[in-house]
Protein chains: 2
Amino acid sequence: MPLFSSTYTNKVDKKGRVSVPAPFRSTLPSDDQSISVLPSLVSKAIEGFDYSYLTQISERLDNYDMMTVPGQPSNPAAKILSRSMTLSIDSDGRIVLPQEFMKHAGISDRAVFVGLGKTFQIWSPEEYTAAMGQDEEELM
Amino acid sequence: MPLFSSTYTNKVDKKGRVSVPAPFRSTLPSDDQSISVLPSLVSKAIEGFDYSYLTQISERLDNYDMMTVPGQPSNPAAKILSRSMTLSIDSDGRIVLPQEFMKHAGISDRAVFVGLGKTFQIWSPEEYTAAMGQDEEELM
DNA sequence: TCTAATACCATGTTATTCCATGATGGATTG
DNA sequence: CAATCCATCATGGAATAACATGGTATTAGA
């Protein structure tokens with residue numbers, strides 16, 4: 001199981017490309033170099049995790065019941081699945097952030113990767129420092 | 001096992017043709033590029049899944065004692081099987097939505113594909129935003 | 001034969017892959 | 001201990017492929 005830790009800031013080019021921090025990549029299974037992301041439901045950030053995490057969420061959804069029991073779109077698991085995208089990491093270690101996701105997180109030219117164990121988050125430097133409080137200035 | 005996620009909006013032409021989002025296609029088994037669909041039993045949408053999912057539902061129906069339990073058509077599994085159609089994906093990655101299905105979902109010229117894990121749904125943009133609530137505007 | 005469904009082809013746009021460069025740090029060797 | 005070599009990493013740009021989409025041709029069914 002992957003374990004994401006520490007904090008890294010990388011540049012985002014005009015196409016939305018950004019390098020996934022190497023330590024994050026190395027915790028991913030070597031046969032599936034991809035990450036799944038979605039706009040956070042609670043903050044101005046992007047939530048990230050590995051693919052197996054998505055399958056766990058999917059299993060929580062009994063789709064058979066979903067088709068016959070009303071109230072689907074508001075189901076939390078459905079919300080996560082419908083909003084998440086799986087981004088493949090290219091041979092240079094980069095992903096392309098979807099425009100809408102960047103917009104949600106207020107990301108333009110730099111992205112802060114924050115390891116949180118089984119998951120991580122991607123912030124804009126500005127939003128991250130604001131959310132963290134004033135005791136952060138050495139993000140460079 | 002395929003896992004459908006994220007949300008995509010594609011155009012529907014006058015013939016009812018629409019591209020299946022490439023990420024959805026790639027989760028399907030390469031030797032069976034088709035999807036099975038039915039009008040949702042609970043909402044103004046089309047339910048979709050791959051063929052193997054249909055067989056699972058069929059097995060549920062087999063476990064159901066048809067000889068002793070009356071009113072089989074009301075069995076959800078029976079309802080799903082009887083209403084489902086399997087649509088083949090053409091060489092350009094498109095399907096043709098049956099007219100009745102489009103009518104059920106209120107689809108005219110655009111279709112929203114919503115990934116929900118083992119299954120997905122197809123909505124009209126209008127109905128989908130209405131069903132999701134007010135907090136969705138970036139469907140593009 | 002006429003109509004409708006299906007298969008085929010063409011095109012612009014977008015995304016993905018490939019290649020080159022600079023920076024960094026660790027290890028090896030003089 | 002210092003200089004050099006090598007591997008990894010982040011980053012930019014350009015070439016290439018994939019995708020969505022509209023149109024036309026061909027086939028099949030009524």
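The basis for the numbers below is simple: all heavy atoms, side chains too, and nothing from hydrogens, waters or symmetry mates. Chain letters run A, B, ... following the sequence lines, proteins first, then strands; residues in each count from 1.
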Check this one for me: any side-chain N or O of A:K15 less than 4.0 Å away from OP1 or OP2 of C:dT16?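 No.
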* Asked: Relative to the 5' end of DNA chain D, which residue comes earlier, A:Y8 or B:P23, by the nucleotide with the nearest heavy atom?
  ->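 Looking at DNA chain D, the more 5' nearest nucleotide goes with A:Y8.
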Separation of [X] atom [atom1] from [N] atom [atom2], in whole Å?
{"X": "B:D109", "N": "D:dT21", "atom1": "CG", "atom2": "P", "result": "11 Å"}
{"X": "A:D90", "N": "D:dT8", "atom1": "CG", "atom2": "P", "result": "17 Å"}
{"X": "B:L97", "N": "C:dA4", "atom1": "CG", "atom2": "P", "result": "19 Å"}
{"X": "A:I89", "N": "D:dT11", "atom1": "CD1", "atom2": "P", "result": "15 Å"}
{"X": "A:R25", "N": "D:dA10", "atom1": "CZ", "atom2": "P", "result": "5 Å"}
{"X": "B:D13", "N": "C:dC8", "atom1": "CG", "atom2": "P", "result": "18 Å"}
{"X": "B:R17", "N": "C:dA5", "atom1": "CZ", "atom2": "C1'", "result": "11 Å"}
{"X": "B:D92", "N": "D:dA20", "atom1": "CG", "atom2": "C1'", "result": "9 Å"}

So, [X] side chain and [Y] main chain: donor-acceptor pair closer than 3.5 Å or not?
{"X": "B:Y53", "Y": "A:Y64", "value": "yes"}
{"X": "A:T129", "Y": "A:P125", "value": "yes"}
{"X": "A:D50", "Y": "A:L28", "value": "no"}
{"X": "B:R25", "Y": "B:V20", "value": "yes"}

Who pairs with A:Y8 by ring-ring contact (aromatic ring centres under 6.0 Å, His included), at least two apart in sequence or on another chain?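 So A:Y8 forms a ring-ring contact (aromatic ring centres under 6.0 Å, His included) with A:F24.
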- Measure distances between side-chain N and O atoms of A:N10 and base N and O atoms of D:dC9, and say whether any donor-acceptor pair falls under 3.5 Å. no
Practice prompt. Assign A:V12 to base, sugar-phosphate, or nothing according to its heavy-atom contacts below 4.0 angstrom with the strands shown.
Written response: nothing
Winner on side-chain proximity to B:A22, out of D:dG22, C:dC18, D:dA20, is D:dA20
| request: Report the nucleotide, chosen from D:dA20, C:dT16, D:dG13, that has the shortest atom-to-atom distance to any side-chain atom of A:V96. | output: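 Looking only at side-chain atoms, A:V96 lies closest to C:dT16.
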